[in-house]
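Data first, discussion second: the structure below is written as structure tokens.
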Amino acid sequence: MLEITRLRKTYSERTVLDIPHMVFEKGAYAIKGSNGSGKTTFFKCICGIAGFEGDCLIEGVSMKKEPVAYRRLISLAEAEPQFPRFLTLNDLLRFVGKARRAGDLQIEELKEAFDLESFMTQPVRTWSSGMLKKAALALAFMGNPKIICLDEPFTTIDRPSLRNFIELAAKYRRQYGTAFLISSHVKDAHTWRDYDAVYEIVNANLVIRSGQDE
Amino acid sequence: MNSVVVKTLSTPFYRANAAFFMVAIYVAFGLMRGSDHIAIAQMIAVSMPLSAFALLLLSAYVLKTFLFIRNQLIHPSYRVIREAALFQPKEMWTFLAVAQFTVNLPVLFYALFVMYFQAAMGAWGNFLAFFCFIPLSTAAPCLLYRNLIYGPLPEKRLWTGRRIIDKKFCKPQFTWFLFHLADNKPGNLFLTKLLSFASVGAFALFHATDDYDWRVAGLGALFAFSANLPLIIEYNEFDRLMQVFRNVPVKAWKGIADVAATWFILLIPEFLLSWRLFPSSLPLETYFILMGFGYAFCLALVQIPLLRNWNDKALIRLHFFTIISLFIYILYGFSLLLLAVLFAIVFLYGRIGYYRFIVKKDN
């Protein structure tokens, strides 16, 4: 599904990522690593936000050759999301929904899952950090992405939303075959048990650690 | 979709440049008469060099709008706007064109105004140049935005010298703000010093033609140090960022010394230029009083937001009224030394208050 070839990312003289070849099939994968190991950079690279040497392909669509088609197939919810302060959630959902071709039904489903209804007309500047996180998660599910990257998704949000989010992710996996790449420091075994594999970023490379999160 | 474009890209541009537009409107519709505008437009219409110069000015404005929107698009808060790349091509182009068109409106209107006279006076060569400018001023930036939202975000790279400093030295606290400025607002620093130098130079010219008492030099110092207001506002913002270190057990005198050292370094260019251009007809002690006044004035303004919880608008009003009051104060010839001492007290009182919590902890 996602094929990474010769991905190399450097900051100044420091090599943060150097992944010769890696393939992620359908499923859910945990990306572990110590602070500063490059998890967020990895997500930014494979989602087309940060530049890098090499290429990524999703179902044969190359990021370098067909950036728009590629980006439609992958989405990212950042660990500390930021949005323009004067937009409302309504603006954001409509804008991203149109870009990612999400139907009204899906928008309604996401609003319900993340309990967003009461914030629809509130500008971003009035939101709490939990609200920002829920909005970022909802936006990541919009459209029909084949891969959803979630950077620290279990922090900040409240328990009911967390439960709904996990149910939603399970539904997307089951119904649409969506793959999930998740980085987390939280001991999330009680919330998310079924990783297909756990990877760790060690010395700038992705190394498989186990077939099931311990 | 257009409401999102306007909210995220166009409105912030006009908001950020409100002062510029207010001055422009005042000059264009307050100071100048309609017949003046027509005369200028007619001159531009028939003269090729003037037409070229006018186009250069209009292009400079378009460049400014381009840099503004570009910065918006690469800002982390605006990353969501990159999703516009996923629209249908026609919608994406409309999205970008609306953004650029709405910020270009003032120059487009002016170009049309000049084109009217070019057509009326048969200056068809100049007319063609302006005619091409209109679509180009929207299309060219849009092409560049498209590359920006399609591809990865450009990365900010530190210059080599800065990387060496980071590697070899532990930066003392009084230099933090200087690095903050160099990294984030080098343009502010440059513009501030440029205005400040221009003030010192302009007031020095008075003394070149005649002898005046200290008040002219005093006004020069007031204007030169007031030009540092953008840096003062930036320092207030920086102080907010540094709140996280407020509970670090640092003695109050150390904190005061750090702020004083930072501002001394920042004002060295003014001290040196004023020394170089200081009129020989004035006693040397006046130089030290003026510089002491300017230094204390900046330190006091840095401190004022910490004395009371001012909002941004109230703070700008306060700066404005302070400068006007000082202007009048100097014209009356009251003592600047007294004022310098007063400002120094405001600074010390405020800073000690700022570190009071820490001083108590130390005791």
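Atoms considered below: every heavy atom in the structure, side chains included; atoms not considered: hydrogens, waters and symmetry mates. Chain letters run A, B, ... following the sequence lines, proteins first and then strands; every chain starts at 1.
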Is it the case that over 12 heavy atoms from other parts of the model lie below 6.0 angstrom from the NZ atom of A/K26? no

query: With a cut-off of 6.0 Å (strictly less than), are more than 12 heavy atoms of other residues, nucleotides or ligands near CG of B/N71?
result: yes

If one checks every heavy atom of B/Q72 against chain A at 4.5 Å, the contacting part turns out to be neither

So, the part of A/R85 with a heavy atom under 4.5 Å from chain B: the answer is neither

Exercise. Report, as yes or no, whether the 6.0 Å neighbourhood of atom CD on B/E91 holds more than 12 heavy atoms from other residues, nucleotides or ligands.
Key: yes

Output for pair (A/L92 CG, B/T8 OG1), nearest 0.5 Å, gives 10.0 Å

Cut-off 4.5 Å, heavy atoms of chain B, and the answer for A/K64 is neither

| message | Take a 6.0 Å sphere around CZ of B/F179 and say whether it holds more than 12 heavy atoms from other residues, nucleotides or ligands. | response | yes

Donor-acceptor pair, A/R101 side chain versus B/F87 backbone, under 3.5 Å?
-> no

message: Heavy-atom count check: over 12 atoms from other residues, nucleotides or ligands less than 6.0 Å from A/D104 CG?
response: no

More than 12 heavy atoms of other residues, nucleotides or ligands under 6.0 Å from CZ of B/F21: is that the case? yes

Pair count under 4.5 Å, heavy atoms only, with chain A: among B/T11, B/L153, B/L86, highest is B/L86

Exercise. What about the rings of A/Y70 and B/Y150, do their centers lie closer together than 6.0 Å?
Worked result: no

Output for pair (A/L87 CG, B/K7 NZ), nearest 0.5 Å, gives 6.0 Å

Problem - Close side-chain approach of A/I49 to B/P152, heavy-atom, < 4.5 Å - result: no

Between B/V4 and A/F95, the two heavy atoms sitting closest are CG1-CD1, 3.9 Å

In this structure, are over 12 heavy atoms from other groups packed under 6.0 Å from A/Y176 atom OH? yes

Here the gap from A/R71 atom CZ to B/R82 atom CZ, rounded to the nearest 0.5 Å, amounts to 4.5 Å

**Prompt:** Is the A/F86 ring parallel, tilted or perpendicular to the B/Y78 ring (thresholds 30°, 60°)?
**Reply:** tilted

ask   = If you measure from the Lys or Arg side-chain nitrogens to the Asp or Glu carboxylate oxygens, is any gap between A/K98 and B/E83 under 4.0 Å?
value = no

Would you say CD of A/E112 has more than 12 non-hydrogen atoms from neighbouring residues, nucleotides or ligands within 6.0 angstrom? no

If one checks every heavy atom of B/I149 against chain A at 4.5 Å, the contacting part turns out to be backbone

Item to check | Salt-bridge criterion met for A/E78 and B/R79 (N-O under 4.0 Å) | outcome: yes

